[in-house]
Structure formats: structure tokens, C-alpha cells
Amino acid sequence: MSQIRPGGPSPIIAPSILASDFSRLGEEIRAVEAAGADWLHIDVMDGHFVPNITLGPDIVKALRPHVSIPFDVHLMIAPADPYLEAFAAAGANWISVHPEAGPHLNRSLKRIRQLGAKAGVVFNPSTPPETIEWMMDEIDLILVMSINPGFGGQTFMHSQLKKIERLRAMIDACGRDIVLEVDGGVTPETAPLCVAAGATALVAGTAVFKGGPEAYAANIAALRRA
Ligand code: DX5
Ligand code: ZN
């Protein structure tokens, strides 16, 4: 895992396939990889934990041979535990769960690592930073939602910048190289705010996929300049 710190090298850019053309997923992910994406962010929704339905492990598995960049799988499903093994087997490198999706966050995180993936915790806009205070050692990635999860194309919630700062301080205090990622409404305008607050990875759907394949490289570069 790269040691990417605020003020250091540019953030990890993780395009969210939610904004891609679902009828051409293989082509789309090859195009963003060629355009400079560091990771691929895959949003899994169940129509129950969030009011939208997307895709499952079979699609993740089908996509895996198309690119070599890491798969950053964001599970917006409840319960998540019964599906962790399937997503790990499908090729997820990073698997993130919402604390609200099950009764035993610590158990879910341990299970993700046991399966050979990196473990992430996702913060809804209302989830307090203290949720992970006693499990910093079990976490490889923190994902701060700057929108309510469920849909792409929403407006960035500036209220979450303070939370990013707080989580940055918690990460620095624990001394571990935990990735601090932001998801929702990330654009060339909001990306610098996230990085200044301490983010080291940025998810972007709309801001990467707008304009079609010819625009992907410029769109990614514009976010990276943050
Ligand atoms: C929403 C997803 C996001 C979404 C972001 O629940 O978690 O990853 O794709 O889309 P944009 O970048 O358009 O806000
Ligand atoms: Zn996401």
C-alpha cells in the first residue's frame, strides 16, 4: 500500500463505475484505467440499506480480468457479512462496510482481513468518528460519505470536512497508514477541500465519467491536481 499523506503526492483517484455506461462496463473500466485511474470504486447496493440496487459479486468477478488496478468495493447492503466471502473471491482488494449494516463491526472487519482483503469502514454523514475509536488496528481504510449513499450526482456536503479533519487526526495519532477516502460530490472544486482536510483518496463518479471516454484522462487529471 502506498504511503500517501496530505501535502505529499497526489491523492489516489478511484472512479466510481456507478456513473459509467453499464451496457459497456468492461470497456468503461479499461478506459478509466488507461486514463490514469489508481483504483476502481464499485458501489454495491441492495435496495434495502440504500434506496437503489446495483450489482453483485458475479459482476465484480466478470470485471476482474479487464483491468489490473485494485477493486475498492463499497458495500451498501445489510447484512453485509454473508456476502463478504463472495466479494473477496470475486477479486475485491478493498472491502468497506457501513457500521449500520450489522451488529458487529469489529467481527466484519476481522472477517474481511481473514479473507485476504483490506478492511474499510464507511461513515454516513450522520455517523460519528468515535464509532471506530476502539478498532483503529482493525482498519485499513476509512471512507467518508460526503452525500447520503444511494445515488451518484449529488451535491457535496461541506459539513463532512470537519469529520475528515477529525478522522485525519485519529489516523495520525494511531500511527498506522490508514487510507482516508472521500465519496460523493467530489469535483475539481471540492477535491482540494478534501485533500486539505486530510483525505488521501478520492472517489468520483460524475466528475470522471462526464464527457465520455475522450474526456476521462483530463477529468482524472483535474481531480489529481487537487
Ligand atoms: C453513492 C456512491 C458513490 C457515487 C458517487 O452512494 O457511494 O460512490 O458513485 O458519485 P458522484 O461522484 O457522482 O457523487
Ligand atoms: Zn461509493
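Here the structure is a predicted model, which is why all the values come from computation and not from measurement. As the structure lists them, so they are numbered: ligands from 1, and atoms in each ligand from 1.
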Working note: Asp58 + Lys61, criterion salt bridge (charged side-chain N to carboxylate O under 4.0 Å, His left out); need CA distance, chi angles, decisive distance, verdict.
CA-CA 5 Å; Asp58 287 346; Lys61 188 177 175 187; 6.0 Å; no

Run the numbers on Glu33 and Ser68 for side chain to side chain donor-acceptor pair (under 3.5 Å), then give the verdict.
CA-CA 8 Å; Glu33 181 180 56; Ser68 55; 3.1 Å; yes

With side chain to side chain donor-acceptor pair (under 3.5 Å) as the criterion, how do Asn93 and Arg64 come out once you've worked through the C-alpha distance, each side chain's angles and the decisive distance to 0.1 Å?
CA-CA 10 Å; Asn93 304 91; Arg64 188 60 279 185; 3.0 Å; yes

Under the criterion side chain to side chain donor-acceptor pair (under 3.5 Å), I'd like the reasoning laid out for Ser23 against Asp21: C-alpha separation, chi angles, the key distance, then a yes or no.
CA-CA 5 Å; Ser23 71; Asp21 179 347; 2.6 Å; yes

Set out, in order, the CA-CA distance, both residues' side-chain angles and the distance that settles salt bridge (charged side-chain N to carboxylate O under 4.0 Å, His left out) for Lys118 and Asp72, then state yes or no.
CA-CA 9 Å; Lys118 299 277 193 184; Asp72 171 30; over 6 Å; no

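Salt-bridge check for Arg224 with Asp38: passed, with a basic side-chain N closer than 4.0 Å to an acidic carboxylate O. A salt bridge is defined here as a Lys NZ or Arg NE, NH1 or NH2 lying under 4.0 Å from an Asp or Glu carboxylate O, and Arg107 with Glu138 fails to meet this definition.
Of all atoms in ligand 1, numbered sequentially from 1 with element shown, those under 4.0 Å from a heavy atom of Met145 are 7 (O). Of all atoms in ligand 1, listed by their number and element, those nearer than 4.0 Å to a heavy atom of His41 are 8 (O). Near Ala204, the atoms of ligand 1 lying under 4.0 angstrom from a non-hydrogen atom of the residue are 12 (O). Those atoms of ligand 1 with a heavy atom of Met45 less than 4.0 angstrom away are 6 (O). Residue Asp43 has at least one heavy-atom neighbour below 4.0 Å for each of these atoms of ligand 1: 2 (C), 3 (C), 4 (C), 7 (O), 8 (O), 9 (O). Which parts of ligand 1 touch Val203 is read off a 4.0 Å heavy-atom cut-off, strictly below it: atoms 8 (O). Ligand 1 places these atoms under 4.0 Å from at least one heavy atom of His74: 7 (O).
The closest approach between any non-hydrogen atom of Ala207 and ligand 1 is not below 4.0 Å. Residue Gly184 places a heavy atom less than 4.0 Å from ligand 1.
Ser16 OG, 2.8 Å is the protein heavy atom nearest to atom 9 (O) of ligand 1. For atom 10 (O) of ligand 1, the nearest protein heavy atom (residue, atom name, distance) is Gly152 CA, 3.5 Å. The shortest contact between atom 1 (C) of ligand 1 and any protein heavy atom is with Phe151 O, 3.6 Å. Atom 14 (O) of ligand 1 has Gly185 N, 2.8 Å as its closest protein atom, hydrogens excluded (heavy atom only). With respect to atom 11 (P) of ligand 1, the closest heavy atom belonging to the protein is Gly153 N, 3.7 Å. For atom 12 (O) of ligand 1, the closest non-hydrogen atom on the protein side is Gly205 N, 2.7 Å. Of the protein's heavy atoms, Gly150 N, 2.8 Å lies nearest to atom 6 (O) of ligand 1.
Nearest N, O or S atom of Asp43 to the Zn ion (ligand 2): atom OD1.
To the nearest 0.5 Å, atom CG of residue Leu141 and atom CD1 of residue Ile178 are 9.0 Å apart.
Remark: side-chain polar atoms of Asn219 are paired, donor with acceptor, to backbone N or O of Val208 under 3.5 angstrom.
Exactly one of His158, Lys163, Lys162 qualifies for a side-chain hydrogen bond (donor to acceptor under 3.5 Å, both in side chains) with Gln160. That residue is Lys163. Checking Ile17, Asp43, Leu63 one by one against Leu55, the side chain to side chain contact (heavy atoms under 4.5 Å, CB included) holds for a single residue, Ile17.
Here the angle centred on the Zn ion (ligand 2), running from ND1 of His74 over to OD2 of Asp183, is 100°, rounded to 10°.
Placement of Ile53 and Phe151 in two distinct hydrophobic clusters is found when ILVMFWY residues are connected by side-chain heavy-atom separations under 4.5 Å, directly or transitively.
Residue Pro149 touches ligand 1 through backbone and side chain together, judged by heavy-atom distances below 4.0 Å. Residue-level proximity to ligand 1 for Thr206 is carried by backbone and side chain together, each with a heavy atom below 4.0 angstrom.
The residue from Val208, Val122, Asp183 that puts a heavy atom closest to atom 8 (O) of ligand 1 is Asp183.
Aromatic ring orientation, His98 versus His74: parallel (interplanar angle below 30°, classes split at 30° and 60°).
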